[in-house]
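The block underneath contains the structure these notes are about, expressed in structure tokens.
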Amino acid sequence: MPDILPEAPMSIDSGELVRWYAHAQRDLPWRRPGVSAWQILVSEFMLQQTPVARVEPIWLAWIDRWPTPSATAAAGSAEVLRAWGKLGYPRRAKRLHECAVVISAEHGDVVPSDVETLLTLPGIGAYTARAVACFAYGARVPVVDTNVRRVVARAVHGRADSAASVRDLDDVAALLPADATAPTFSAALMELGATVCTARAPRCGLCPLSRCQWRSSGYPAGTVVRRVQRYAGTDRQVRGKLLDVLRDNSSPVTRAQLDVAWLTDPAQRDRALDSLLVDGLVEQTADGRFALAGEGD
DNA sequence: TTCCCGTGCC
DNA sequence: GGCACCGGAA
């Protein structure tokens, strides 16, 4: 048997990764003991495409105010949208509220523990379902976010980056340790991607992995072309401006009050407002004014 | 594939 | 100004 098989995929030593995580992990509030499955679920919603630093204060205030699904469901959707503040992608707040309604009404106020059931809930996709099953219930399931995908692409496959693929789940499942440390391994994989094996300027000098195919291959450049997500001047920015006005007013506002939020392009403003109505984030009252969805409930 | 927020860093 | 940030859904 030869010493080196260049075609064989390199593995990740779960022991050294977990040992590194034990002392290098960030002290994030949703990782502390006593945090409920629902509160972990809330953190995962907020962390979708949003940096930890911006989530932390919102999450702390949120779980203090609405610690359970039923408490969240009992709050009006308008108050939930308001508490979401400027975290971004406010459809997540609406889905989180819907999620709370379903869990309190159909699951006895208990967050489901199996991936299949979690996937049926609003706003929960392939990543979040497994993150909740893993981090809240200790399930041995692959948790694949953009960080994990990048770490595995580098350490295992020797590529700088990787486009999302349906094979990612099996790919990462094969790396999971067989014992009960699987959730810690997944958390460590994500932490490594977030703090060391970063996308732009990886800090390889701090990497705990003794083996890395990307390093062995001389750090080849990436090939995945990422489309630029612009923000300034887009409908997304206009929607944000309109929601800003509605968050600040607990009673319905007139069309004129919304119009001043974006004077640059009236057609774009109308399109943005219409999309907010379609998304169910904004409602129109009988007299033609506008408010956050559920403001009157 | 595209759209959906908002901010901070390089 | 590009770019990344612990994705989901149509």
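A note on names: the letters A, B, ... follow the listed sequences, proteins ahead of strands, and every chain is numbered from 1.
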Please confirm whether the backbone N or O of Thr117(A) pairs with a side-chain atom of Thr120(A), one donor and one acceptor, at under 3.5 Å?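 Yes; at least one donor-acceptor contact below 3.5 Å.
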
[N] phosphate, OP1 or OP2: any side-chain N/O from [X] under 4.0 angstrom?
X	N	value
Arg92(A)	dG6(B)	no
Thr128(A)	dG8(C)	yes
Arg230(A)	dG2(C)	yes

Under 3.5 Å, is there any donor-acceptor pair linking the side chain of Arg95(A) to the base of dG8(C)?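 Donor-acceptor pair under 3.5 Å: no.
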
Is there a side-chain contact between Phe290(A) and Leu277(A) (heavy atoms, below 4.5 Å)?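 Yes. Closest side-chain heavy atoms under 4.5 Å.
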
Taking the P atom in each of dC9(B) and dC6(C), what is the distance between them to the nearest angstrom? 14 Å

If the threshold is 4.0 Å, N to carboxylate O, is there a salt bridge linking Glu98(A) and Arg95(A)?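 The answer is no: the pair does not qualify as a salt bridge.
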
Result block: side-chain N/O donor-acceptor pairs under 3.5 angstrom for residues 159-168 of chain A, not counting sequence neighbours:
residue   : atom : partner   : partner atom : Å
Ser165(A) : OG   : Arg167(A) : N            : 2.9
Asp168(A) : OD2  : Arg149(A) : NE           : 2.7
Asp168(A) : OD2  : Ser165(A) : N            : 2.9

What is the distance from CD of Gln49(A) to P of dC3(B), rounded to the nearest Å?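 Result: 15 Å.
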
Which is true for Leu243(A) with a 4.0 Å heavy-atom rule: it touches a base, it touches only sugar-phosphate, or it touches nothing?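 Touches nothing.
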
Please figure out whether Arg247(A) or Arg200(A) has its closest DNA chain B nucleotide nearer the 5' end.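 Here Arg247(A) is the residue nearer the 5' end.
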
